[in-house]
2 protein chains.
Amino acid sequence: MDAQLKILDIHEVPLVCRACDARHSGICSTLTPLQLTELNKHSQRRAVEAGTELIGQGQQVHSYSNILRGVIKLSKIMADGRQQIVGLQFAPDFMGRPFLGESLMAAEAATDAELCVLPRKILERMISESSELGSRLHNQALTELDEARDWMLTLGRKSAREKVASLLVLVAAHADPDRLGACAFELPLSRADIADFLGLTIETVSRQMTKLRKDGLIHIENNRQVYVPDLDKLAVTAGGD
Amino acid sequence: MDAQLKILDIHEVPLVCRACDARHSGICSTLTPLQLTELNKHSQRRAVEAGTELIGQGQQVHSYSNILRGVIKLSKIMADGRQQIVGLQFAPDFMGRPFLGESLMAAEAATDAELCVLPRKILERMISESSELGSRLHNQALTELDEARDWMLTLGRKSAREKVASLLVLVAAHADPDRLGACAFELPLSRADIADFLGLTIETVSRQMTKLRKDGLIHIENNRQVYVPDLDKLAVTAGGD
DNA sequence: TCTCATGCTTGATCCAAGTCAAAGTCGCTA
DNA sequence: TAGCGACTTTGACTTGGATCAAGCATGAGA
């Protein structure tokens, strides 16, 4: 295989991960052409439908993924079945917890999704070879930590109404990052998922959604299509800040 | 100064951060002698008493620290004053959020503490020069992320009793990492801090502590001295797992 | 077209934790 | 050694969100 690598002219080496394609802004852009070629031999695109469990809590980790499309939910389950979603990952996030053999939580596709799957061993070798890749993943970990701590404030100190508004603001931010006035998007989560993310019950989520609707802060169609006439106002009811 | 560096024999260069000292297991052990010498010119030991604010939410970050002794609490405050502690840092943790000019939360000494303070610019240069240092901080970030997500489960899905038990187990783990049966420790937090960490009120924390006491799961003296006769049993009432 | 499953909403009731208020406890200083 | 202030506990009452129990859409399959 080494021989095969060497005879490739550098300009013929694909400059982006074959499975991910050029638009993808994940980790691939930090790799050298040689590393990409190596990765191309092992990475593969995978399409999954909503509800597919990608890995279970406590299972062995064999791969990492770039998320190309869709939303993945990360959740923890207690012995008696209580569940908490501890993170949402949107394209083009990198998904996975480097340097740990066993997953501390479950990952499940919240929507239909597409992934670029990278074998664990290969990626970990690349991290040790490319400090730019390492620092990129370091930065993603720090961003996720910031987000987790923001959410701790939401879970610990906000009312149900503020929690639901916070979730809508979060999703809106990912759907349309720089929109400040009105915006429209599709909710990637069911009411049950929202409840698990906010530490509430389905019924409470539903009631708060209706209240926000009656207060004119949001419009909803077909349970999932959300229109927010004034994102600032919604952000204020989410707890200001 | 370069001249001064060069005339030092390598064996005379202190192999540990002067301010931190040899026992310290923080970031210093990943640096080369030259880097340590450079760091020694700028790092300084700082003793602070309980209650000292080290940095406020939204303030500019000028330094990072190794925690040599004591406990630091990281907290977020909402506009109306509601507060949530989003992390506790124990010695010998590294404290600080690399690559971000502005602090997203406040840091305050929960107990009397000692720090080894490192200027931001110097440390960030060293991170870019030493991939081992970078990967060490990467790992710390990942560990903090794991802890934050664990705590999200506690905040979102546990009862007040389970929350208080969880906190006691957490502190016990840091006080005496491998003790499984009985253990004793001093609480580094006031009731108000505990409430802010657990998303509860002072009164509820107090009531749950008395209940745990009456149930024989813990003994408390002088509000802060805790004795746990059976850590496993406490861990079970903290929510198993 | 009916039925059944799934997911969402709405209503009635209950309870865990919050709020308000008072009374300990301890250390510090005068 | 009395008095003050900070912290903690305890009690009485209130309330926000959970629980239990119907209803209401929508869509798939028979």
**OP:** Could you tell me the separation between the CD1 atom of Ile202(A) and the P atom of dG7(C), rounded to a whole number of Å?
**Re:** 9 Å
Subject >> Donor-acceptor pair between Ser75(B) and Gln83(B) side chains, under 3.5 angstrom >> reply: yes
Subject >> Atom-pair distance (NZ on Lys211(A); P on dG17(D)), nearest Å >> reply: 8 Å
Original post:
Without hydrogens or angle criteria, can the side chains of Ser206(A) and Glu203(A) be said to hold a donor-acceptor pair below 3.5 Å?
Top reply: no
**OP:** Take the C1' atoms of the five end pairs on each side of the helix from dT1(C)-dA30(D) to dA30(C)-dT1(D), derive the two axes, and give their angle rounded to 10 degrees.
**Re:** 20°
Original post:
Taking NZ, NE, NH1 and NH2 as the nitrogens, is one of them in Asp215(B) or Arg161(B) under 4.0 Å from a carboxylate oxygen of the other?
Top reply: yes
Original post:
Could you state the CG-P distance from Asn222(B) to dG27(C), rounded to the nearest angstrom?
Top reply: 7 Å
**OP:** Mind telling me whether Phe94(B) and Tyr64(B) have parallel, tilted or perpendicular rings, with 30° and 60° as the class edges?
**Re:** tilted
Subject >> Separation of atom CZ in Arg191(A) from atom P in dT26(D), rounded to whole Å >> reply: 13 Å
Original post:
Rounded to the nearest 0.5 Å, how far does CG of Leu88(B) lie from CD1 of Ile72(B)?
Top reply: 10.0 Å
Subject >> Rounded distance (nearest 0.5 Å) linking atom CG of Leu189(B) with atom OG1 of Thr111(B) >> reply: 9.0 Å
Original post:
Would you call Glu108(B) and Lys73(B) a salt bridge, using N to O less than 4.0 angstrom?
Top reply: yes
Original post:
Just how far, in rounded Å, is P of dC7(D) from CG of Leu189(B)?
Top reply: 14 Å
Subject >> Interatomic distance, Ile194(B) CD1 vs dT8(D) C1' [rounded to whole Å] >> reply: 11 Å
Subject >> Protein proximity profile, nucleotides 13-19 of chain C - base contact B, sugar-phosphate-only contact S, no contact -, cut-off 4.0 Å on heavy atoms >> reply: ----SSB
Original post:
Can you name the residues that form a side-chain contact (heavy atoms from CB on, under 4.5 Å) with Gln60(A), not counting sequence neighbours?
Top reply: His62(A), Glu102(A)
Original post:
To the nearest angstrom, how far is Met209(A) atom CE from dA25(D) atom C1'?
Top reply: 16 Å
Subject >> Atom pair CD (Glu114(B)) and CZ (Arg69(B)), whose distance is rounded to the nearest 0.5 Å >> reply: 4.5 Å
Original post:
Does the side chain of Thr210(B) get closer than 4.0 angstrom to OP1 or OP2 of dT10(D) through an N or O atom?
Top reply: yes
Original post:
For Ile220(B) and dC7(D), what is the distance between atoms CD1 and P respectively, to the nearest whole Å?
Top reply: 17 Å
